[in-house]
Each structure stands twice: as structure tokens, then as C-alpha cells.
> 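Attaching a single structure in C-alpha cells format; questions to follow.
Every heavy atom of this structure was used, including side-chain atoms; hydrogens, water molecules and symmetry mates were not. In this chain, residues are counted from 1 in sequence order.
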Amino acid sequence: MTGIILVGINDSAASFAAADVAIAHARRDGAVLRAVAVVDHEGAARGMPGEDALVRGHERACAAALDHVARRAAEAGVEIEPVLRRGRIAARLLAEAEACHAAMIVLGRMERPGHVIAGIGSHTLHVIEFARIPVLVVPAAAAAPDD
């Protein structure tokens with residue numbers, strides 16, 4: 001495959017595991033990696049004291065996570081397009097995938113109790129349900145695929 005692999009990024013171990021797998025796939029397949037971090041402003045507690053600081057902190061965390069993934073991709077010799085967006089997470093990831101004609105979406109599996117499906121959060125479920133391309137969900141402890 002050549003083309004674009006989109007990976008959803010945040011500042012979690014699951015996200016970095018997904019990025020490592022996406023980098024390995026991109027390197028193997030000669031694809032470009034599009035790393036997308038989404039700041040969910042609508043998810044912030046509206047009107048609460050410190051809301052602006054919370055959103056700015058989330059933006060900085062997303063930017064730092066993108067920088068980390070960009071360095072890892074560069075070390076692997078993979079072309080990367082880091083993208084920071086604002087909005088609803090699943091909707092922005094799906095829109096980005098469609099806009100860049102991604103061949104695959106890679107997401108990290110979050111380990112949180114209380115999910116409808118163990119280890120699959122609502123954003124990931126939404127992406128899986130509405131994606132028109134394959135979605136790879138990577139556990140946090142996943143190793144990158146063999147070359």
C-alpha cells in the first residue's frame with residue numbers, strides 16, 4: 001500500500017503504542033503518516049473557573065504528543081504530517097481521514113472500566129462504526145509488527 005495512514009494521537013500510552021504500529025506499517029508500505037490530535041473544546045466544562053487554562057493545557061499536551069510522534073517517525077524514516085485540530089474527536093478523525101483519502105485509521109485502545117465494550121471507548125466505537133476504511137485498534141502494550 002502506498003498512500004496515507006492516519007493515526008489518532010493524544011498524550012496516552014495507548015496513543016503512542018498506536019503511533020508505533022502506524023509508523024511500522026507506514027515504513028513497511030511506503031505510506032505517509034498523518035498524525036492527528038484533536039482538542040475537544042466542547043468536552044471542556046463550559047463556564048467553569050479555569051476552563052480556558054484547561055483547554056490551553058490540553059492543546060499543549062496534544063502539540064507535545066504530536067512532536068513526540070513526529071520525532072519517532074523521522075527516526076524510522078517515515079514521512080509524517082502532524083495535524084492539530086479542534087472539535088469532537090471522532091468526527092474530526094473521520095473528517096481528516098476522508099479529506100486526506102487515508103487508506104487506514106489506527107487508534108489506541110484505552111483501558112478504562114465501564115466501557116460498553118471492554119477497552120474500547122466511545123470515540124473509538126464511533127470511528128469504527130462510521131469509518132469507510134479499515135480501522136486498526138491497538139492495545140497499549142502492543143509491539144510494532146515485524147518488518
Side-chain angles (χ1 to χ4, degrees), residues 1-46 54-147:
M1 159 182 42
T2 56
I4 297 173
I5 296 173
L6 185 142
V7 61
I9 299 298
N10 60 30
D11 60 347
S12 70
S15 169
F16 295 140
D20 287 344
V21 169
I23 289 167
H25 277 281
R27 184 179 63 229
R28 183 194 67 205
D29 298 340
V32 173
L33 185 65
R34 187 171 186 95
V36 180
V38 181
V39 177
D40 186 354
H41 286 220
E42 295 175 29
R46 296 269 181 227
L54 178 66
V55 170
R56 282 192 309 276
H58 190 196
E59 287 174 346
R60 283 191 302 275
C62 284
L66 284 172
D67 288 344
H68 175 75
V69 171
R71 282 191 303 277
R72 293 180 75 102
E75 290 168 0
V78 170
E79 181 181 346
I80 184 166
E81 300 171 350
V83 177
L84 180 64
R85 296 287 188 244
R86 289 161 186 80
R88 303 300 290 175
I89 294 168
R92 289 303 305 161
L93 291 173
L94 290 166
E96 283 293 323
E98 188 170 325
C100 74
H101 306 288
M104 177 171 60
I105 299 170
V106 181
L107 300 172
R109 187 179 81 203
M110 302 299 285
E111 297 293 340
R112 292 187 187 138
H115 286 159
V116 174
I117 298 173
I120 304 290
S122 60
H123 301 300
T124 301
L125 280 175
H126 187 93
V127 171
I128 291 169
E129 183 176 358
F130 292 101
R132 295 180 178 161
I133 58 175
V135 178
L136 175 60
V137 180
V138 178
D146 294 336
D147 291 286

> Please report, to 0.1 Å, the donor-acceptor pairs under 3.5 Å made by any side chain of residues 63-77, with sequence neighbours excluded.
{"residue": "R72", "atom": "NE", "partner": "D20", "partner atom": "OD1", "Å": "2.7"}
{"residue": "R72", "atom": "NH2", "partner": "D20", "partner atom": "OD1", "Å": "3.0"}
{"residue": "R72", "atom": "NH2", "partner": "D20", "partner atom": "OD2", "Å": "3.0"}

> List the steps, then state whether side-chain contact (heavy atoms from CB on, under 4.5 Å) holds for V83 with E96.
CA-CA 9 Å; V83 177; E96 283 293 323; 4.2 Å; yes
> For a quick test of reading the model, state the closest non-hydrogen atom pair linking P134 to A103 and the distance between them.
CD-O, 3.4 Å
> Quick check: closest heavy atoms across V78 and A26, and the distance to 0.1 Å?
CG1-CB, 3.7 Å
> Return the CG to NE2 distance between D11 and H58, rounded to the nearest 0.5 Å.
6.5 Å
> Nearest 0.5 Å please: distance from the CG atom of L84 over to the CZ atom of R92.
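Reported value, rounded in 0.5 Å steps: 10.5 Å.
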> Quick one: does H123's side chain get under 4.5 Å of V38's, heavy atoms only?
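Heavy-atom side-chain distance check fails, nothing below 4.5 Å.
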> Do you know which two heavy atoms are closest between A17 and P139, and how far apart they sit?
CB-O, 3.7 Å
> Distance check, rounded to the nearest 0.5 Å: I105 atom CD1 versus I128 atom CD1?
9.5 Å
> Would E81 and V32 satisfy side-chain contact (heavy atoms from CB on, under 4.5 Å), going step by step from the backbone distance to the final call?
CA-CA 8 Å; E81 300 171 350; V32 173; 3.8 Å; yes
> Where do H126 and A90 come nearest, in terms of heavy atoms and distance?
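Residues H126 and A90, closest heavy atoms: CD2-CB, 3.3 Å.
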> Just how far is it from atom CZ of F16 to atom CG of N10, taken to the nearest 0.5 Å?
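Atom-to-atom, F16:CZ and N10:CG are 7.5 Å apart.
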> Please report the interatomic distance CG(L6) to CZ(R34), rounded to the nearest 0.5 Å.
7.5 Å
> What is the minimum heavy-atom distance between A102 and I133, and which atoms define it?
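That would be O-CD1, 3.3 Å.
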> Please step through side-chain contact (heavy atoms from CB on, under 4.5 Å) for the pair R88 and D40, ending with a clear verdict.
CA-CA 5 Å; R88 303 300 290 175; D40 186 354; 3.4 Å; yes
> Heavy-atom distance under 4.5 Å between the side chains of T124 and R109, does that happen here?
no
> Passes side-chain contact (heavy atoms from CB on, under 4.5 Å), L93 versus L107? Steps please.
CA-CA 10 Å; L93 291 173; L107 300 172; 3.9 Å; yes
> In Å, rounded to the nearest 0.5 Å, how long is the span from CD1 of I4 to CD of E79?
8.5 Å
> Search all heavy atoms of C62 against all heavy atoms of A37 and return the closest pair with its distance.
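Heavy-atom minimum between the residues: CB-CB, 3.8 Å.
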